[in-house]
Amino acid sequence: MHDRGQVMVDLAVAITLGATCIREVRLLEHQRPVFGPVASFPTAWRALVEVGELGLRRIERARTAVRRHVHGPLRDRLEGFPEVEVKGVPLTGWTVIDSDGTLIAAPSEKEGARGTYKGFLGHHVFVATFDNTGEELAAVLHPGNVTAKGAAVNIDVPTGAVAQLLWRRQQILFRVDGAGFSHQLINWIASAGGRASATFRWEYSIGWSFTEREQAAVSLRDKKNVWQPAGGGPDGDVRKDALVADITDLTGWPKHHRVIARKEPLHSCYVKDASAYEVGKEMRTPHAARRPPSLLLPGSDSWPWVFSRIG
(Lines give C-alpha, C1' and ligand atoms only; values in the text may rest on other atoms or scores of the structure.)
Protein backbone atom coordinates (compact mmCIF):
# COMPACT_ATOMS: atom_id res chain seq x y z
CA MET A 1 0.00 0.00 0.00
CA HIS A 2 1.58 3.26 -1.13
CA ASP A 3 1.15 6.34 1.04
CA ARG A 4 -1.09 8.70 -0.90
CA GLY A 5 0.96 11.74 0.03
CA GLN A 6 4.10 10.08 -1.32
CA VAL A 7 2.28 9.23 -4.55
CA MET A 8 1.48 12.95 -4.98
CA VAL A 9 5.12 13.83 -4.38
CA ASP A 10 6.22 11.21 -6.92
CA LEU A 11 3.84 12.65 -9.50
CA ALA A 12 5.20 16.17 -8.90
CA VAL A 13 8.79 14.96 -9.27
CA ALA A 14 7.87 13.05 -12.44
CA ILE A 15 6.41 16.22 -13.96
CA THR A 16 9.64 18.03 -13.09
CA LEU A 17 11.53 15.31 -14.94
CA GLY A 18 9.38 15.78 -18.03
CA ALA A 19 6.36 13.52 -17.52
CA THR A 20 3.34 14.57 -19.57
CA CYS A 21 0.83 11.93 -18.42
CA ILE A 22 0.12 9.88 -15.30
CA ARG A 23 1.62 6.72 -16.78
CA GLU A 24 5.03 8.38 -16.90
CA VAL A 25 5.32 8.34 -13.11
CA ARG A 26 7.35 5.22 -13.91
CA LEU A 27 10.19 7.56 -14.89
CA LEU A 28 11.16 7.43 -11.23
CA GLU A 29 11.83 3.69 -11.42
CA HIS A 30 15.24 4.57 -12.85
CA GLN A 31 16.00 6.39 -9.58
CA ARG A 32 14.72 3.77 -7.14
CA PRO A 33 17.79 4.10 -4.84
CA VAL A 34 16.87 7.80 -4.45
CA PHE A 35 13.07 7.74 -4.41
CA GLY A 36 12.36 4.22 -3.19
CA PRO A 37 9.47 2.08 -4.50
CA VAL A 38 7.29 3.98 -6.98
CA ALA A 39 3.55 3.50 -7.29
CA SER A 40 2.19 1.87 -10.43
CA PHE A 41 0.14 3.78 -12.98
CA PRO A 42 -3.19 2.35 -11.67
CA THR A 43 -2.25 3.24 -8.09
CA ALA A 44 -1.33 6.81 -9.09
CA TRP A 45 -4.63 7.09 -10.95
CA ARG A 46 -6.62 5.88 -7.92
CA ALA A 47 -4.75 8.30 -5.66
CA LEU A 48 -5.83 11.21 -7.85
CA VAL A 49 -9.44 10.02 -8.09
CA GLU A 50 -9.65 9.68 -4.30
CA VAL A 51 -8.68 13.31 -3.68
CA GLY A 52 -11.68 15.29 -2.40
CA GLU A 53 -12.10 18.88 -1.24
CA LEU A 54 -10.35 18.17 2.07
CA GLY A 55 -7.44 16.54 0.25
CA LEU A 56 -7.13 19.50 -2.12
CA ARG A 57 -6.96 21.93 0.80
CA ARG A 58 -4.25 19.83 2.43
CA ILE A 59 -2.27 19.76 -0.81
CA GLU A 60 -2.50 23.56 -1.08
CA ARG A 61 -1.29 23.96 2.52
CA ALA A 62 1.62 21.62 1.83
CA ARG A 63 2.54 23.59 -1.32
CA THR A 64 2.43 26.83 0.66
CA ALA A 65 4.68 25.40 3.39
CA VAL A 66 7.25 24.17 0.87
CA ARG A 67 7.19 27.50 -0.98
CA ARG A 68 7.73 29.42 2.26
CA HIS A 69 10.70 27.16 3.05
CA VAL A 70 12.24 27.74 -0.40
CA HIS A 71 11.62 31.49 -0.40
CA GLY A 72 13.38 31.96 2.95
CA PRO A 73 16.91 31.44 1.57
CA LEU A 74 16.04 33.62 -1.42
CA ARG A 75 15.16 36.50 0.91
CA ASP A 76 18.38 35.99 2.85
CA ARG A 77 20.66 36.22 -0.19
CA LEU A 78 23.04 39.15 -0.44
CA GLU A 79 21.13 40.39 -3.50
CA GLY A 80 17.80 39.84 -1.76
CA PHE A 81 14.62 38.33 -3.11
CA PRO A 82 14.25 38.43 -6.93
CA GLU A 83 12.58 41.61 -8.17
CA VAL A 84 10.79 41.98 -11.49
CA GLU A 85 12.36 44.49 -13.88
CA VAL A 86 10.42 46.51 -16.44
CA LYS A 87 12.53 48.37 -18.98
CA GLY A 88 15.55 47.80 -16.74
CA VAL A 89 13.93 49.33 -13.65
CA PRO A 90 13.28 46.95 -10.70
CA LEU A 91 9.81 46.96 -9.13
CA THR A 92 11.36 46.85 -5.67
CA GLY A 93 9.19 45.20 -3.04
CA TRP A 94 6.41 44.26 -5.47
CA THR A 95 4.99 40.81 -5.98
CA VAL A 96 4.04 40.45 -9.66
CA ILE A 97 1.39 37.87 -10.54
CA ASP A 98 0.64 37.13 -14.20
CA SER A 99 -2.51 35.26 -15.17
CA ASP A 100 -3.68 33.99 -18.54
CA GLY A 101 -5.68 31.24 -20.19
CA THR A 102 -4.37 28.64 -22.61
CA LEU A 103 -6.28 26.19 -24.79
CA ILE A 104 -5.12 22.56 -24.76
CA ALA A 105 -6.23 20.29 -27.58
CA ALA A 106 -7.69 16.92 -26.62
CA PRO A 107 -6.72 13.99 -28.87
CA SER A 108 -10.01 12.26 -28.03
CA GLU A 109 -13.28 12.93 -26.19
CA LYS A 110 -11.73 13.30 -22.74
CA GLU A 111 -13.79 14.33 -19.73
CA GLY A 112 -14.45 18.07 -19.95
CA ALA A 113 -13.25 18.35 -23.54
CA ARG A 114 -15.49 20.76 -25.43
CA GLY A 115 -15.40 22.73 -28.63
CA THR A 116 -13.19 25.81 -28.22
CA TYR A 117 -13.50 29.22 -29.85
CA LYS A 118 -10.62 28.22 -32.10
CA GLY A 119 -12.61 25.34 -33.53
CA PHE A 120 -11.00 22.28 -31.95
CA LEU A 121 -11.91 19.94 -29.10
CA GLY A 122 -10.06 20.59 -25.87
CA HIS A 123 -9.78 22.18 -22.45
CA HIS A 124 -9.15 25.72 -21.24
CA VAL A 125 -6.59 25.97 -18.46
CA PHE A 126 -6.13 29.22 -16.52
CA VAL A 127 -2.74 29.72 -14.89
CA ALA A 128 -1.24 32.27 -12.50
CA THR A 129 2.53 32.59 -12.18
CA PHE A 130 4.83 34.40 -9.77
CA ASP A 131 6.94 36.48 -12.16
CA ASN A 132 9.58 37.25 -9.52
CA THR A 133 10.69 33.61 -9.52
CA GLY A 134 8.88 32.07 -12.50
CA GLU A 135 6.88 29.68 -10.32
CA GLU A 136 3.41 28.49 -11.26
CA LEU A 137 1.20 29.36 -8.28
CA ALA A 138 -2.24 28.20 -9.35
CA ALA A 139 -3.94 26.48 -12.28
CA VAL A 140 -7.56 25.60 -12.92
CA LEU A 141 -8.71 23.30 -15.73
CA HIS A 142 -12.02 24.16 -17.37
CA PRO A 143 -13.98 22.70 -20.28
CA GLY A 144 -12.88 24.06 -23.63
CA ASN A 145 -16.02 26.15 -24.09
CA VAL A 146 -15.31 28.26 -20.98
CA THR A 147 -14.02 31.64 -22.13
CA ALA A 148 -11.59 34.06 -20.51
CA LYS A 149 -14.30 36.74 -20.33
CA GLY A 150 -15.94 35.27 -17.23
CA ALA A 151 -15.12 37.35 -14.14
CA ALA A 152 -15.38 34.37 -11.77
CA VAL A 153 -12.76 32.45 -13.76
CA ASN A 154 -10.30 35.33 -13.70
CA ILE A 155 -10.78 35.97 -9.99
CA ASP A 156 -10.57 32.32 -8.94
CA VAL A 157 -7.06 31.79 -10.30
CA PRO A 158 -5.32 34.83 -8.70
CA THR A 159 -7.14 34.05 -5.45
CA GLY A 160 -5.39 30.68 -5.40
CA ALA A 161 -2.12 32.34 -6.35
CA VAL A 162 -2.26 34.86 -3.51
CA ALA A 163 -2.92 32.03 -1.03
CA GLN A 164 0.47 30.58 -1.98
CA LEU A 165 2.35 33.76 -1.02
CA LEU A 166 1.71 34.23 2.67
CA TRP A 167 4.53 36.69 3.25
CA ARG A 168 4.25 38.73 0.01
CA ARG A 169 0.54 39.54 -0.13
CA GLN A 170 0.70 43.19 0.93
CA GLN A 171 2.03 44.76 -2.28
CA ILE A 172 0.95 42.98 -5.47
CA LEU A 173 0.80 43.98 -9.12
CA PHE A 174 -1.59 41.81 -11.17
CA ARG A 175 -1.04 41.65 -14.93
CA VAL A 176 -3.78 40.29 -17.18
CA ASP A 177 -4.27 40.59 -20.93
CA GLY A 178 -7.37 42.04 -22.54
CA ALA A 179 -9.24 38.73 -22.76
CA GLY A 180 -9.48 38.60 -18.96
CA PHE A 181 -10.67 42.18 -18.49
CA SER A 182 -13.83 42.76 -16.43
CA HIS A 183 -15.21 45.39 -14.07
CA GLN A 184 -15.54 42.76 -11.33
CA LEU A 185 -11.88 41.72 -11.61
CA ILE A 186 -10.66 45.31 -11.36
CA ASN A 187 -12.86 45.95 -8.33
CA TRP A 188 -11.62 42.74 -6.70
CA ILE A 189 -7.99 43.80 -7.13
CA ALA A 190 -8.65 47.38 -6.00
CA SER A 191 -10.24 46.05 -2.79
CA ALA A 192 -7.25 43.74 -2.16
CA GLY A 193 -9.57 40.76 -2.44
CA GLY A 194 -11.92 42.26 0.13
CA ARG A 195 -9.22 43.02 2.71
CA ALA A 196 -9.93 46.16 4.71
CA SER A 197 -6.41 46.77 6.06
CA ALA A 198 -4.58 49.73 4.54
CA THR A 199 -1.36 47.68 4.59
CA PHE A 200 -2.57 45.82 1.50
CA ARG A 201 -1.82 47.60 -1.75
CA TRP A 202 -2.93 45.71 -4.83
CA GLU A 203 -2.62 47.29 -8.27
CA TYR A 204 -3.18 46.18 -11.83
CA SER A 205 -2.09 46.43 -15.45
CA ILE A 206 -4.90 44.96 -17.56
CA GLY A 207 -5.69 44.97 -21.24
CA TRP A 208 -8.72 47.11 -22.11
CA SER A 209 -11.48 46.51 -24.65
CA PHE A 210 -11.54 48.80 -27.70
CA THR A 211 -15.20 49.61 -28.30
CA GLU A 212 -17.00 52.54 -29.93
CA ARG A 213 -16.58 54.48 -26.70
CA GLU A 214 -12.81 54.16 -26.88
CA GLN A 215 -12.84 54.96 -30.59
CA ALA A 216 -14.64 58.21 -29.83
CA ALA A 217 -12.10 59.02 -27.10
CA VAL A 218 -9.20 58.37 -29.47
CA SER A 219 -10.81 60.54 -32.19
CA LEU A 220 -11.23 63.34 -29.65
CA ARG A 221 -7.53 63.15 -28.75
CA ASP A 222 -6.74 63.29 -32.46
CA LYS A 223 -8.74 66.51 -32.82
CA LYS A 224 -7.10 68.07 -29.76
CA ASN A 225 -3.66 66.77 -30.79
CA VAL A 226 -2.77 65.75 -27.25
CA TRP A 227 -0.80 62.61 -28.09
CA GLN A 228 2.69 62.30 -26.64
CA PRO A 229 5.68 60.23 -27.77
CA ALA A 230 5.55 56.72 -26.31
CA GLY A 231 8.39 55.07 -24.45
CA GLY A 232 9.56 51.51 -24.92
CA GLY A 233 12.18 52.14 -27.58
CA PRO A 234 15.75 50.86 -27.58
CA ASP A 235 17.66 51.71 -24.40
CA GLY A 236 14.52 53.22 -22.90
CA ASP A 237 14.22 55.90 -25.57
CA VAL A 238 11.10 57.09 -27.34
CA ARG A 239 9.64 54.44 -29.63
CA LYS A 240 9.58 55.42 -33.30
CA ASP A 241 6.13 56.36 -34.67
CA ALA A 242 4.39 55.39 -31.42
CA LEU A 243 2.17 57.79 -29.44
CA VAL A 244 0.35 57.56 -26.12
CA ALA A 245 -2.54 59.39 -24.46
CA ASP A 246 -4.73 59.15 -21.36
CA ILE A 247 -8.34 58.56 -22.46
CA THR A 248 -9.87 58.18 -19.01
CA ASP A 249 -13.34 59.65 -19.46
CA LEU A 250 -15.08 57.02 -17.36
CA THR A 251 -16.88 56.94 -14.02
CA GLY A 252 -17.61 54.15 -11.60
CA TRP A 253 -14.05 52.79 -11.49
CA PRO A 254 -11.56 52.60 -8.58
CA LYS A 255 -9.72 55.75 -7.49
CA HIS A 256 -6.63 56.51 -9.63
CA HIS A 257 -7.89 54.18 -12.37
CA ARG A 258 -6.49 55.21 -15.75
CA VAL A 259 -7.06 54.01 -19.30
CA ILE A 260 -4.08 54.53 -21.57
CA ALA A 261 -4.27 54.36 -25.36
CA ARG A 262 -1.35 53.84 -27.65
CA LYS A 263 -1.08 54.40 -31.41
CA GLU A 264 1.50 52.86 -33.69
CA PRO A 265 1.64 51.75 -37.34
CA LEU A 266 -0.36 48.58 -38.02
CA HIS A 267 2.24 45.92 -38.69
CA SER A 268 1.28 43.07 -41.01
CA CYS A 269 1.50 40.54 -38.17
CA TYR A 270 -1.38 42.30 -36.38
CA VAL A 271 -3.71 42.77 -39.35
CA LYS A 272 -5.56 39.46 -38.83
CA ASP A 273 -6.74 40.44 -35.33
CA ALA A 274 -7.17 44.16 -36.00
CA SER A 275 -10.55 45.84 -35.76
CA ALA A 276 -12.18 47.51 -38.75
CA TYR A 277 -11.31 50.86 -37.16
CA GLU A 278 -7.62 49.96 -36.92
CA VAL A 279 -7.51 48.63 -40.48
CA GLY A 280 -9.19 51.81 -41.76
CA LYS A 281 -6.76 54.05 -39.87
CA GLU A 282 -3.79 51.77 -40.60
CA MET A 283 -2.89 52.16 -36.93
CA ARG A 284 -2.74 49.67 -34.09
CA THR A 285 -4.37 51.00 -30.92
CA PRO A 286 -3.73 48.74 -27.91
CA HIS A 287 -5.30 49.93 -24.65
CA ALA A 288 -4.49 49.21 -21.01
CA ALA A 289 -6.12 49.96 -17.68
CA ARG A 290 -3.72 50.66 -14.88
CA ARG A 291 -3.58 51.82 -11.31
CA PRO A 292 -2.01 53.83 -9.73
CA PRO A 293 -0.60 56.69 -11.85
CA SER A 294 2.66 56.74 -9.88
CA LEU A 295 3.75 53.12 -10.30
CA LEU A 296 6.72 52.87 -10.66
CA LEU A 297 8.76 53.91 -13.63
CA PRO A 298 9.83 57.19 -15.12
CA GLY A 299 7.72 57.72 -18.22
CA SER A 300 3.99 57.39 -17.75
CA ASP A 301 3.44 54.72 -20.40
CA SER A 302 6.34 52.40 -19.60
CA TRP A 303 4.90 49.71 -17.40
CA PRO A 304 1.29 49.17 -18.45
CA TRP A 305 2.34 47.53 -21.69
CA VAL A 306 4.21 44.70 -20.01
CA PHE A 307 1.44 42.17 -19.54
CA SER A 308 1.51 38.55 -18.57
CA ARG A 309 4.55 36.60 -19.73
CA ILE A 310 2.44 33.45 -20.01
CA GLY A 311 2.13 32.40 -23.63
Side-chain angles (χ1 to χ4, degrees), residues 63-100 127-138 157-177 180 185-186 188-208 228 230-239 244 246 254-260 262 288-311:
R63 292 179 63 230
T64 303
V66 170
R67 201 178 310 279
R68 185 167 57 243
H69 176 74
V70 172
H71 285 180
L74 285 177
R75 290 198 307 271
D76 296 337
R77 300 182 309 165
L78 182 63
E79 58 269 45
F81 198 82
E83 304 289 1
V84 174
E85 290 190 2
V86 178
K87 306 301 181 186
V89 180
L91 306 185
T92 305
W94 284 87
T95 293
V96 179
I97 296 178
D98 294 336
S99 61
D100 201 359
V127 180
T129 62
F130 184 23
D131 197 40
N132 298 63
T133 62
E135 299 167 78
E136 182 179 302
L137 299 176
V157 175
T159 297
V162 169
Q164 287 292 309
L165 299 171
L166 291 177
W167 67 280
R168 287 189 66 97
R169 289 188 291 186
Q170 279 74 24
Q171 196 164 263
I172 304 178
L173 172 62
F174 294 88
R175 301 190 300 197
V176 185
D177 69 12
L185 174 62
I186 286 178
W188 178 81
I189 296 173
S191 68
R195 293 166 174 82
S197 173
T199 61
F200 287 92
R201 184 186 176 193
W202 291 9
E203 310 297 355
Y204 51 80
S205 176
I206 298 179
W208 189 265
Q228 300 176 5
D235 303 319
D237 296 333
V238 171
R239 186 169 180 175
V244 65
D246 187 328
K255 186 178 181 181
H256 302 309
H257 173 86
R258 292 291 181 269
V259 180
I260 307 299
R262 188 167 182 157
R290 64 175 191 171
R291 198 191 79 149
S294 58
L295 184 75
L296 280 160
L297 304 176
S300 62
D301 70 306
S302 296
W303 69 270
W305 307 101
V306 183
F307 297 128
S308 167
R309 298 180 194 267
I310 306 170

Handout entry: Any residue meeting side chain to side chain contact (heavy atoms under 4.5 Å, CB included) with Arg63, in chain and number order, not counting sequence neighbours
Key = Ile59, Glu60, Arg67, Gln164
Mind listing the closest non-hydrogen atom pair of [X] and [Y] along with its distance?
X: Pro73; Y: His69; result: CD-O, 3.0 Å
X: Ala163; Y: Thr64; result: O-OG1, 3.6 Å
X: Ala138; Y: Val157; result: CB-O, 3.6 Å
X: Asn132; Y: Val96; result: OD1-N, 3.0 Å

Practice task
Would you mind reporting whether Tyr204 and Ile186 have side-chain heavy atoms less than 4.5 Å apart?
Solution key: yes
Problem - Min side-chain heavy-atom separation Ile97-Trp202 under 4.5 Å - result: no
Point-to-point distance, once rounded to the nearest 0.5 Å, from [atom1] of [X] to [atom2] of [Y]:
X: Trp94; Y: Asp131; atom1: CH2; atom2: CG; answer: 14.5 Å
X: Leu165; Y: Thr133; atom1: CG; atom2: OG1; answer: 8.0 Å
X: Ile206; Y: Ser99; atom1: CD1; atom2: OG; answer: 8.0 Å
X: Arg201; Y: Leu173; atom1: CZ; atom2: CG; answer: 10.0 Å

Between the main-chain N or O of [Y] and the side-chain N or O of [X], is there a donor-acceptor pair closer than 3.5 Å?
X: Asp100; Y: Val127; result: no
X: Asp98; Y: Thr129; result: no
X: Glu83; Y: Gly93; result: yes

Exercise for the section: Please state whether the rings of Phe174 and Trp188 are parallel, tilted or perpendicular, taking 30° and 60° as the class boundaries. Expected result: perpendicular
